[in-house]
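Following: one structure in structure tokens, then a few remarks.
Here is how names work: the chains are called A, B, and so on, in the same order as the sequence lines, proteins then strands, and each is numbered from 1. Values below: every heavy atom of this structure, side chains too, minus hydrogens, waters and symmetry copies.
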There are 2 protein chains.
Amino acid sequence: MSSLVEVARAAGVAVSTASRVLNGSSHPISAATRARVIAAAERLGYSPSALARALVSRSSRLLGVLVSDIVNPYFSVIARGVDDVATRAGYVTMLSNVDRRTATEINRLQTMRNYRAAGVIFAGSGYVDDPEAPTLVKAVRQAQEQGIHAVSLTVRDLGCPVITADSQAAAYDITDHLVSLGHRRIAFIEGPPGMIATHQRREGFLACMSDADLAETARCIPGGFDYEAGHAATMRLIARPPLPDAIIAANDEAAVGALNALRQARIDVPGEISVAGIDDLRVAQFVGLTTVSLPLYEMGAMAARHILDTAPGADTGDATTTILSHRLIPRETTARRSS
Amino acid sequence: MSSLVEVARAAGVAVSTASRVLNGSSHPISAATRARVIAAAERLGYSPSALARALVSRSSRLLGVLVSDIVNPYFSVIARGVDDVATRAGYVTMLSNVDRRTATEINRLQTMRNYRAAGVIFAGSGYVDDPEAPTLVKAVRQAQEQGIHAVSLTVRDLGCPVITADSQAAAYDITDHLVSLGHRRIAFIEGPPGMIATHQRREGFLACMSDADLAETARCIPGGFDYEAGHAATMRLIARPPLPDAIIAANDEAAVGALNALRQARIDVPGEISVAGIDDLRVAQFVGLTTVSLPLYEMGAMAARHILDTAPGADTGDATTTILSHRLIPRETTARRSS
DNA sequence: GGTCGGAGCTGCAACGATTAGGCAAACGTT
DNA sequence: AACGTTTGCCTAATCGTTGCAGCTCCGACC
């Protein structure tokens, strides 16, 4: 109900005239007609169909973002960056949670393709040696050929531009910070097995330890990106002495888990041991966690901007990788250690 | 590119045949033709236009959710509930951040109306005596007349069904818990001024205090829903002795702020003072905060289900209010007090 | 006074998909 | 050979919007 046709009829004008009034074309319209159309639209509660408009204009003004889990603050900050840019440009954000499953990612990408999204932003990290990766890459290519932009927010071979922070450098920097504070035996709690992000952060840690000639005292233990994993990993660390000088968790949430495990074991932080994370989520501020701030909001915002600014037909510039800078945030969970 | 027409041409069949193959009509199709069409669709990377389909089927399979800020875990949990149900039903979630601004809320509602969303979920709380409320209510009514369902997740006079937790009862219950632990002088850190949610939670607190004959020792101080507000309010509390026996913050994040202010002032929790929050966000678990668990995920999920299950034309059942139950979660920031 | 030009409006095709009805082959059966 | 059934074609309409081509006035200019 209340289509343009009805507005036109109510105003006693042709459909095309109503159309031109309601979205200001350059075509001249008399003030009287204009007023009549506007009044009719108002009276009927006219709502222009973005669907029909999208069909003819070949632009849906829809923007897709694929996150692992929007409840995870890492992703919600990204989503916020995306949505702010999208909204300001008159676009609407389509959100999908893919729970780190490549198959779901493929499925949701296809769906967003069906909606003729202007672009799709991949916020989640991929897996090393993912058997489904080729299928995803193919789906991305098909979408691109159709004029749908794809942007990945993590280093990942999707055949699309990457806008990201340097996870590896972030891990390197936080490690370097601990080293420069005098820590020697540093343990690294890894992310979930198989993820590219896990790999990168561990490599950053190991590279720094190696550069500092501390490769022997570097210790990597399996963990995860959540509180429970950080907690459990730290418990294991405590159970098998000697305790390291410092613990770096693969992300902030795991670091908070580590912090709590240490507190429960009555091990003083940062007196006996320093703890650091990566991401600088809001919770890091709450618990005074030393961490590395990743430009998550900017990543989302810039990805959205890239999609909206690049002409639909234009070359997506497949190979480009943009690295946004991170920043060390020293707080209270790390302290200098006199060796 | 790659419309149904092209698939049909590539397969050497009529468009209607291709259509029937690709979305299984009752019309009989030979296996050979079917295979040929599917192969052609596959080869061309055919992606059925959800836009065109929505236009003719009069169902966009789009579901809108309006949150204040997706970064706020309160809302991201709701959004997750919505998206899970939507995705399972083959719908796509449209997300918008409205930053607690009614004007933006109206604007985004109109936009989702333009996209012919099956429904729009209002997750944010409104304001008391909001001058823009009537405009919003009118917009909601127009949307409903158009067959778009609206659901509010907070008690709010939008003229649409409400699916919510009883904020006031939650506040009452957490207060009662503290009272039953022996606390007498309890301070309540309020939410942001003017919000309906703020009002409800304060009323719950006051009602319980009154019921316990503790109205005189009840103390309400202005605060907010964020860490900084909780921190600042607690600082003010500390600056003006006597310190209460317990602090209840309007939500968990403010409670964490309170916790940190107390720690900085070297006031032992729960030894000298108990602290509690409301919401049971993930951070509450991290810091061992006693709180009330609100069924946020279920609210989102149930709202989405309501929208998808109710026939587009059917009566929305405007007046109904569904209350989902909350649950007290005692943790380590509250303790019995011998008086 | 005829033509030009522009203002102001109309009508039509197109976007991509769905659906229904009518019809025509091809095929097997009797 | 007559018959029914299967299978697929074609045509037309529909959804709501847009943009283009064209039409009709009317005043102005030479």
Side-chain angles (χ1 to χ4, degrees), chain A residues 1-38 40-41 44-62 90 111 113-117 146-148 312, chain B residues 1-38 40-41 44-62 111 113-118 146-148 312:
Chain A
M1 49 189 64
S2 81
S3 72
L4 194 56
V5 180
E6 298 171 43
V7 172
R9 188 170 349 167
V13 299
V15 183
S16 51
T17 305
S19 168
R20 266 174 304 113
V21 168
L22 263 13
N23 41 35
S25 126
S26 56
H27 232 80
I29 306 264
S30 74
T33 316
R34 180 182 303 275
R36 242 176 335 130
V37 171
I38 290 174
L44 269 58
Y46 171 66
S47 150
S49 166
L51 267 19
R53 201 174 268 189
L55 201 57
V56 38
S57 69
R58 311 186 134 285
S59 153
S60 69
R61 301 188 86 79
L62 248 22
T111 301
R113 186 150 93 91
N114 293 350
Y115 280 94
R116 302 297 186 258
Q146 205 175 348
I148 295 174
Chain B
M1 49 188 64
S2 81
S3 72
L4 192 57
V5 181
E6 299 170 42
V7 172
R9 189 171 346 165
V13 301
V15 181
S16 51
T17 306
S19 169
R20 272 192 277 260
V21 168
L22 262 13
N23 41 35
S25 115
S26 57
H27 217 84
I29 305 266
S30 74
T33 324
R34 182 181 303 276
R36 226 158 7 108
V37 171
I38 290 176
L44 268 60
Y46 172 65
S47 149
S49 165
L51 266 18
R53 201 176 268 190
L55 203 56
V56 39
S57 69
R58 314 186 128 285
S59 155
S60 68
R61 303 187 87 78
L62 249 20
T111 300
R113 186 151 94 92
N114 294 349
Y115 279 95
R116 302 298 186 257
Q146 205 176 346
I148 295 175

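Between the side chain of B:Ser16 and the base of D:dC10, a donor-acceptor pair under 3.5 Å is found.
Contacts of A:Ala14 classified as side chain to side chain contact (heavy atoms under 4.5 Å, CB included), with partners at least two apart in sequence or in another chain: A:Ser16, A:Thr17. Every residue meeting the side chain to side chain contact (heavy atoms under 4.5 Å, CB included) condition with A:Ala40, not counting sequence neighbours, appears here in chain and number order: A:Val7, A:Ala10, A:Ala11, A:Arg43. A:Arg113 is linked by a side chain to side chain donor-acceptor pair (under 3.5 Å) to A:Gln110, A:Gln142, A:Gln146, counting only residues two or more places apart in sequence or in another chain. In terms of the side chain to side chain contact (heavy atoms under 4.5 Å, CB included) criterion, residue partners of A:Ser59 (sequence neighbours excluded) are, by chain and number, A:Ser57, A:Arg61, A:Tyr91. When the side chain to side chain donor-acceptor pair (under 3.5 Å) test is applied to A:Ser30, the partners found at least two apart in sequence or on another chain are A:Thr33.
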Nucleotides 5-9 of chain C: which of its N/O atoms have a protein N/O under 3.5 Å away?
from  : atom 1 : to      : atom 2 : distance (Å)
C:dC9 : OP1    : A:Ser30 : OG     : 3.1
C:dC9 : OP1    : A:Thr33 : OG1    : 2.2
C:dC9 : OP2    : A:Ser30 : N      : 3.1
C:dC9 : OP2    : A:Thr33 : OG1    : 3.3
C:dC9 : N4     : A:His27 : NE2    : 2.7

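The separation between A:Arg53 atom CZ and D:dC15 atom P is 18 Å, rounded to whole Å. As a whole-Å value, the separation of B:Leu55 CG from C:dC15 C1' is 9 Å.
Remark: A:Tyr46 is in phosphate contact with D:dT17, judged by side-chain N or O atoms under 4.0 Å from OP1 or OP2. Distances shorter than 4.0 Å separate some side-chain N or O of A:Ser19 from OP1 or OP2 on D:dT18.
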Just distance, no hydrogens or angles: give the donor-acceptor pairs under 3.5 Å from side chains in residues 45-54 of chain A, sequence neighbours left out.
from    : atom 1 : to       : atom 2 : distance (Å)
A:Ser47 : OG     : B:Asn114 : OD1    : 2.8
A:Ser47 : OG     : B:Arg116 : NH1    : 2.8
A:Ser49 : OG     : A:Leu51  : N      : 3.3
A:Ser49 : OG     : A:Ala52  : N      : 3.0

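Summary for the helix from C:dG1-D:dC30 to C:dT30-D:dA1: the axes at its two ends, each from 5 pairs, differ by 60° when rounded to the nearest 10 degrees.
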